[in-house]
Trainee: 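I have a structure here, written as structure tokens, and I will follow up with some questions on it.
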Amino acid sequence: MQDRNDVDLTCINTIRTLSMDAVQAANSGHPGTPMAMAPVAYCLWQQFLRFDPQDPVWPNRDRFVLSAGHASMLLYSLLHLTGVKAVSKDYEALGEPSVPLEAIQRFRQLDSRCPGHPEYRWTSGVETTTGPLGQGLATSVGMAIAGRWMAAHFNQPGFEDLIDFNVYALCGDGCMMEGISAEAASLAGHLKLSNLCWIYDNNHITIEGHTALAFSDDVATRFIGHGWNVTRVGDANDQEMLARAFHTFQGTRDRPTLIIVDTHIAYGAPHKQDSSAAHGEPLGEEEILLTKRNYGWPEDAKFYVPDGVYDHFRNGIGKRGKELRDAWFARVREYRTRYPELAERLYRMQHRQLPEGWDNDWPAFVADVKGLGTRDSSAKLLNAVAKNVPWLLGGSADLAPSTKTRLTFDGAGDFFADQPGGRNMHFGIREHAMAAVLNGMALVKVRAFGSTFLIFSDYARGAIRLSALMELPVVYVFTHDSIGVGEDGPTHQPVEQLASLRAVPGLIVLRPADANEVAEAWKVILKLHHEPAVLILTRQAVPTIDRSRYAPASELARGAYVLVDAPDGKPDVLLLASGSEVALCLEAHERLKAEGIKARVVSMPSWELFDDQPREYRDHVLPPEVTARVSVEQASTFGWARYVGAGGHSLGMRSFGASAPLKDLQKKFGFTPDAVAQAAREQLGRRPQGAGLTAPPRSHGV
Ligand SMILES: Cc1ncc(C[n+]2csc(CCOP(=O)(O)OP(=O)(O)O)c2C)c(N)n1
Ligand SMILES: [Mg+2]
């Protein structure tokens, strides 16, 4: 019988050797960090993490985020050794292991549950996709925020601790250097998220070598400045010190905690320990042999799990986690009798369902030539929706007065450290962290939205991409969507952002043309389960289209639709537009009609939704035989060729904008009904109409 320390060490060395063997077999990956951090992760999982391997989606589980995603084998080893079960898309346990040993043997191979970096939705037990450094840390802040909000919302007299999970994130020097982690740490400190614990693998090594090359922050001081509790473990192999640090975290009620752990990358490898050579390549057969000898491990054994290791995990985290999980569900059954409405909310929220009556009191807008900005119509919708969906919350990166995303109804409240039930978040001027925080909130199944100007979506892009990769229904509200911004000038006028967002697989981009399309867009968005959506809105007023004359806005759900057609349904030319340019096309349509030119106007709020329609519908909207086509969008023309064809014309931006009143900009850049009509005539080989009219300029460069 081994004594406790021996078993602990055997388990730790199993994590280490599985990681070494998997990276060697794959001939790629990162062995050094799992080897160094194995004792830290072991201590946390075996003694502290409230996690049931049999039910890895239990809502009140503690979250473990591996922000240093390159150390994925550390997580895969834990998921394997603790026997985490696979879960279906519908959150049902499937009975089979999430990470069988074969998956580890096929690390980084096609279809293995152990891809190069941990991927949410692919491997059960992976709480968030990591790899782009810093993202995991910022995402963990969103999880902690959601935990706080849920506690404020669901914990009730007699059930004060129904929701009380903690969030742990493990990071390295890379995560610390990334700007997003500073944004996120600052926000977490401000919000006093004492349910959040970051563990910093302080090994002084990154890819290029020693951190002295590029990093001399005093990390402890930095985090104290952010309002964190900072503690230190001088030796990663000291289980007692590690346990003490985790106890310190658990006892800290007013701040998040950073545990700085001094480690040695590739611990135990005679030639590679403390060297960047252990970061991104296999140790090599010879070095593995020597390392195993150091560990007192059978030298030739590969993927070896000694007797007693699985049992030890089963009796530790397995037993503790199952008891906690079962007790929690028993409490929820009592809660359901006492607070049936809240219990129902909790259930629906956790299953990404909408509440009954989610579309009650849906605003509709009457035709109005003057109209209103789509940001303003969206404000009405968002407020109506949020009243009906209690777990919809979000905010802005300090631009709510401009993006109009504030929830203004009674009881909406602000989310503050001492008021975590509020639904108006204040992310501060931290776009990148905001988007990652939204991901974290969505992972806990809060319906999260965030807003800023479209131009600053670039600052959030790293996290937006992950929303799509993780298939999270985050809602991004991006306003000030074009040169329509006017006087703020080219720094604030998006040009290429729309095209680049449309290029993200799985992201639904919606640019509604008027208030009623905005209303329909929100309907589409609310019903999404696994797709993030970007709602692109104007600052300036756009007419509310007269739906008694034109097609109904509900057609938006199909991505593109015929708004007005040639009288005989046989158009000479197609005018395609989204957002604020749809009204331009309607005017151009009237002018062309007066000249006997039959134009069809297609409102195209969402390429993605349109591309998902059956071919017949797409051909009905864009008949292949009509090749005279003009697209109009105050944005880069990039991508429109697929709808206007090689012979079509795209009116758009081919340069940055300029600072001037809107009217002058529209003239300068050719966004007038005349310019649209003229482009249509040219498509049909007709001569220009009217004196002095020339073809729309193709280049606006200086
Ligand atoms: C945003 C981002 N930039 C660059 C990389 C490439 N990269 C992966 S690991 C790494 C070095 C990380 O160093 P550290 O976090 O100290 O990890 P360690 O080598 O100590 O495990 C880099 C630059 C990345 N994954 N993400
Ligand atoms: Mg490092």
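We count residues from 1, following the sequence as given. The analysis underlying the following values was restricted to heavy atoms, covering all of them including side chains, and did not include hydrogens, waters or symmetry mates.
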Trainee: Do any N or O atoms from the side chain of Gln273 and from the backbone of His264 form a donor-acceptor pair under 3.5 angstrom?
Mentor: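 Not at all, since once roles are kept as given, no pair shorter than 3.5 Å links the two residues.
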Trainee: Step by step, work out the side-chain contact (heavy atoms from CB on, under 4.5 Å) result for Met150 and Leu346.
Mentor: CA-CA 9 Å; Met150 285 180 71; Leu346 183 59; 3.7 Å; yes
Trainee: Please check if atom CD in Glu160 has more than 12 non-hydrogen atoms from other residues, nucleotides or ligands closer than 6.0 Å.
Mentor: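 Atom CD in Glu160 is packed in, count exceeds 12.
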Trainee: Please determine if Asp262 and Arg232 form a salt bridge, counting it only when a charged side-chain N lies under 4.0 Å from a carboxylate O.
Mentor: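 Salt bridge: yes.
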Trainee: Between Asp326 and Lys322, does any side-chain N to carboxylate O distance fall below 4.0 Å?
Mentor: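 A salt bridge links Asp326 with Lys322.
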Trainee: Atom OG of Ser77 and atom CD1 of Ile12: how far apart are they, to the nearest 0.5 Å?
Mentor: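 Atom-to-atom, Ser77:OG and Ile12:CD1 are 12.5 Å apart.
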Trainee: For Tyr168 and Phe249, take the angle between the two ring planes, folded into 0 to 90°, and tell me which bin it lands in: parallel under 30, tilted 30 to 60, perpendicular over 60.
Mentor: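 Because their plane-to-plane angle is over 60°, the rings of Tyr168 and Phe249 count as perpendicular.
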Trainee: Pair Ile205, Thr211 - check side-chain contact (heavy atoms from CB on, under 4.5 Å), show working.
Mentor: CA-CA 5 Å; Ile205 294 290; Thr211 48; 5.9 Å; no
Trainee: Indicate yes or no for a side-chain donor-acceptor contact from Ser67 to the backbone of Leu170 under 3.5 Å, with no hydrogens or angles considered.
Mentor: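 Absent.
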Trainee: Are Val261 and Tyr200 packed together at the side-chain level, in the sense that at least one heavy-atom pair is separated by less than 4.5 angstrom?
Mentor: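 Not in contact.
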Trainee: For His247 and Phe48, what are the C-alpha separation, side-chain angles and deciding distance, and is it a ring-ring contact (aromatic ring centres under 6.0 Å, His included)?
Mentor: CA-CA 9 Å; His247 279 302; Phe48 294 91; 5.0 Å; yes
Trainee: Please report the shortest heavy-atom distance between Val446 and Ala146, naming the atom on each side.
Mentor: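 Closest approach of Val446 to Ala146: CG2-CB, 3.9 Å.
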Trainee: Could you measure the distance from the OG1 atom of Thr128 to the CG atom of Leu137? Nearest 0.5 Å is fine.
Mentor: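 That separation rounds to 11.0 Å.
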Trainee: Any side-chain heavy atom of Ile317 sitting closer than 4.5 Å to one from Asp52?
Mentor: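 Heavy-atom side-chain distance check fails, nothing below 4.5 Å.
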Trainee: So does Asp238 pair up with Arg244, basic N to acidic O under 4.0 Å?
Mentor: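 No, no charged N to carboxylate O under 4.0 Å.
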Trainee: Sub-3.5 Å donor-acceptor pair from the side chain of Asp62 to the main-chain atoms of Phe51, do we have one?
Mentor: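 Looks like no, no N/O pair under 3.5 Å.
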Trainee: Kindly compute the distance separating CG (Leu191) from NE2 (His426), expressed to the nearest 0.5 Å.
Mentor: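 Rounded to the nearest 0.5 Å, the CG-NE2 separation comes out at 10.0 Å.
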Trainee: Could you check whether the rings of Tyr335 and Tyr339 sit parallel, tilted or perpendicular, using 30° and 60° as the cut-offs?
Mentor: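 Rings of Tyr335 and Tyr339: tilted, as their planes differ by 30° to 60°.
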Trainee: Is any side-chain heavy atom of His117 closer than 4.5 Å to a side-chain heavy atom of Thr130?
Mentor: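 No, their side chains stay 4.5 Å or more apart.
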Trainee: Is any side-chain heavy atom of Arg461 less than 4.5 Å from a side-chain heavy atom of Val504?
Mentor: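 Of all side-chain heavy-atom pairs linking Val504 with Arg461, at least one is under 4.5 Å.
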Trainee: Do Ser467 and Tyr476 have side-chain atoms, one donor and one acceptor, less than 3.5 Å apart?
Mentor: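 Side-chain D/A pair, Ser467 to Tyr476: present.
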Trainee: Between CG of Leu9 and CD of Gln239, what distance do you get to the nearest 0.5 Å?
Mentor: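 Nearest 0.5 Å value for the CG-CD distance: 9.0 Å.
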Trainee: Do the side chains of Gln46 and Thr82 get nearer than 4.5 Å, heavy atoms only?
Mentor: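 No, side chains not in contact.
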Trainee: Quick check, are the ring centers of Tyr76 and His80 under 6.0 angstrom apart?
Mentor: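 No, they do not, as the ring centres are separated by 6.0 Å or more.
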Trainee: Side chains of Asn60 and Asp164: do they bring a donor and an acceptor to under 3.5 Å?
Mentor: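 Distance-only check passes for Asn60 and Asp164.
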Trainee: Sub-3.5 Å donor-acceptor pair from the side chain of Arg63 to the main-chain atoms of Arg61, do we have one?
Mentor: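 Pair found, side chain donor or acceptor close to backbone of Arg61.
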Trainee: Are a donor atom and an acceptor atom from the side chains of Tyr267 and Asp274 found within less than 3.5 Å of each other?
Mentor: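 No, no side-chain donor-acceptor contact under 3.5 Å.
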Trainee: Ignoring hydrogens and angles, tell me if any N or O in the side chain of Asn439 forms a donor-acceptor pair with the backbone of Ala463 under 3.5 Å.
Mentor: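 Judged by distance alone, yes, a pair lies under 3.5 Å.
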Trainee: Let's go through Gln353 and His529 carefully: what are the C-alpha distance in whole Å and the side-chain angles of both, what is the deciding distance for side-chain hydrogen bond (donor to acceptor under 3.5 Å, both in side chains) to 0.1 Å, and is it a yes or a no?
Mentor: CA-CA 8 Å; Gln353 296 171 5; His529 286 100; over 6 Å; no
Trainee: Tell me if a side-chain donor or acceptor on Arg447 pairs with a main-chain N or O of Leu526 at a distance below 3.5 Å.
Mentor: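 Side chain of Arg447 to backbone of Leu526: a pair is present.
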Trainee: Looking at Ile265 and Ala36, what are the two nearest heavy atoms and their distance?
Mentor: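 Minimum heavy-atom contact is CA-CB, 3.9 Å.
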Trainee: Return the set of residues passing salt bridge (Lys or Arg N to Asp or Glu O under 4.0 Å) with Asp201 (not counting sequence neighbours), or none when no residue passes.
Mentor: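 Asp201 satisfies salt bridge (Lys or Arg N to Asp or Glu O under 4.0 Å) with no other residue.
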Trainee: With a cut-off of under 6.0 Å to the ring centre and 45° to the axis, is Arg345 in cation-pi contact with Trp391?
Mentor: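 Because its charged atom misses either the 6.0 Å distance or the 45° angle limit, Arg345 does not stack over Trp391.
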Trainee: Determine, for Phe313 and Lys319, whether the Lys NZ or Arg CZ falls below 6.0 Å from the six-membered ring centre while staying within 45 degrees of the axis.
Mentor: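 Judged by the rule (NZ or CZ under 6.0 Å from the ring centre, within 45° of its axis), Lys319 is not positioned above Phe313.
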Trainee: Do His30 and His279 get their side chains close enough for a donor-acceptor pair, meaning under 3.5 Å?
Mentor: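 Yes.
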Trainee: Between Glu431 and Ala460 (side chain of the first, backbone of the second, donor and acceptor by atom type, cut-off under 3.5 Å), is there such a pair?
Mentor: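 No.
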Trainee: For a quick check under 3.5 Å, do Thr252 and Asn229 share a side-chain donor-acceptor pair by atom type?
Mentor: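 Yes, side-chain donor-acceptor contact under 3.5 Å.
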Trainee: I'd like to know whether His226 forms a side-chain contact (heavy atoms from CB on, under 4.5 Å) with His190, so could you lay out the CA-CA distance, the side-chain angles of the two residues, the decisive distance to 0.1 Å, and finally the verdict.
Mentor: CA-CA 7 Å; His226 282 316; His190 173 75; over 6 Å; no
Trainee: Is it the case that atom CG in Asp410 sees more than 12 heavy atoms from other parts of the structure closer than 6.0 Å?
Mentor: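 Open: at most 12 neighbouring heavy atoms sit under 6.0 Å from CG of Asp410.
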Trainee: How many angstroms lie between atom CZ of Phe456 and atom NE2 of His432, to the nearest 0.5 angstrom?
Mentor: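 Between Phe456 CZ and His432 NE2, I get 15.5 Å after rounding to 0.5 Å.
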Trainee: Is the number of heavy atoms from other residues, nucleotides or ligands within 6.0 Å of CZ (Arg50) greater than 12?
Mentor: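 Count over threshold, so yes.
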Trainee: Quick check: does any side chain N or O of Trp228 sit under 3.5 Å from a backbone N or O of Ala185, one acting as donor and the other as acceptor?
Mentor: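 Looks like yes, one N/O pair under 3.5 Å.
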Trainee: Salt bridge between Arg331 and Glu334, side-chain N to carboxylate O under 4.0 Å?
Mentor: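 Counted as a salt bridge, because a side-chain N and a carboxylate O are separated by less than 4.0 Å.
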Trainee: Taking C-beta and beyond as the side chain, do Ser186 and Arg430 meet within less than 4.5 Å on heavy atoms?
Mentor: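 Contact flag for Ser186/Arg430 side chains = yes.
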Trainee: Is there a donor-acceptor pair closer than 3.5 Å between any side-chain N or O of Asp414 and the backbone N or O of Phe416?
Mentor: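 Between the backbone of Phe416 and the side chain of Asp414 there is no qualifying donor-acceptor contact (under 3.5 Å).
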Trainee: Would you confirm whether Arg16, through its side chain, and Met37, through its main-chain N or O, come within 3.5 Å as a donor-acceptor pair?
Mentor: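 Not confirmed, Arg16 side chain does not pair with Met37 backbone.
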Trainee: Relative to the ring of Tyr42, is the ring of His312 parallel (under 30°), tilted (30 to 60°) or perpendicular (over 60°)?
Mentor: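 Plane angle under 30°, so parallel.
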Trainee: Please round to the nearest 0.5 Å and tell me the distance separating atom CE of Met241 and atom OG1 of Thr248.
Mentor: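 Interatomic distance, Met241 CE to Thr248 OG1, rounded to 0.5 Å: 8.5 Å.
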Trainee: Taking 4.0 angstrom as the limit, do Asp254 and Lys192 come out as a salt bridge?
Mentor: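 Salt bridge absent between Asp254 and Lys192.
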Trainee: Is any side-chain N of the basic residue among Glu344 and Arg348 closer than 4.0 Å to the acidic one's carboxylate O?
Mentor: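 Yes, Glu344 and Arg348 are salt-bridged.
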Trainee: Is there a side-chain contact (heavy atoms from CB on, under 4.5 Å) between Leu454 and Leu501? Walk through the geometry before answering.
Mentor: CA-CA 10 Å; Leu454 176 56; Leu501 289 168; 3.8 Å; yes
Trainee: Quick one: does Gln497's side chain get under 4.5 Å of Ile455's, heavy atoms only?
Mentor: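 Yes, close enough: below the 4.5 Å cut-off.
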Trainee: Heavy atoms, side chains only, cut-off 4.5 Å: are Val65 and Thr139 in contact?
Mentor: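 When only atoms from C-beta onward are counted, Thr139 and Val65 do not touch, as no gap falls below 4.5 Å.
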Trainee: Looking at residues at least two apart in the chain, or sitting in another chain, which of them share a salt bridge (Lys or Arg N to Asp or Glu O under 4.0 Å) with Arg423?
Mentor: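 Salt bridge (Lys or Arg N to Asp or Glu O under 4.0 Å) check on Arg423 returns nothing, list empty.
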Trainee: Can a side-chain donor-acceptor contact be found between Ser140 and Trp198 if the only test is distance below 3.5 angstrom?
Mentor: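 The criterion, which ignores hydrogens and geometry beyond distance, is satisfied for Ser140 and Trp198.
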Trainee: Do you know which two heavy atoms are closest between Lys404 and Pro401, and how far apart they sit?
Mentor: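 Smallest heavy-atom distance, with atoms named: CE-O, 3.4 Å.
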Trainee: Counting only heavy atoms not in Tyr459, do more than 12 fall under 6.0 Å of its OH?
Mentor: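 Atom OH in Tyr459 is not packed in, count stays at 12 or less.
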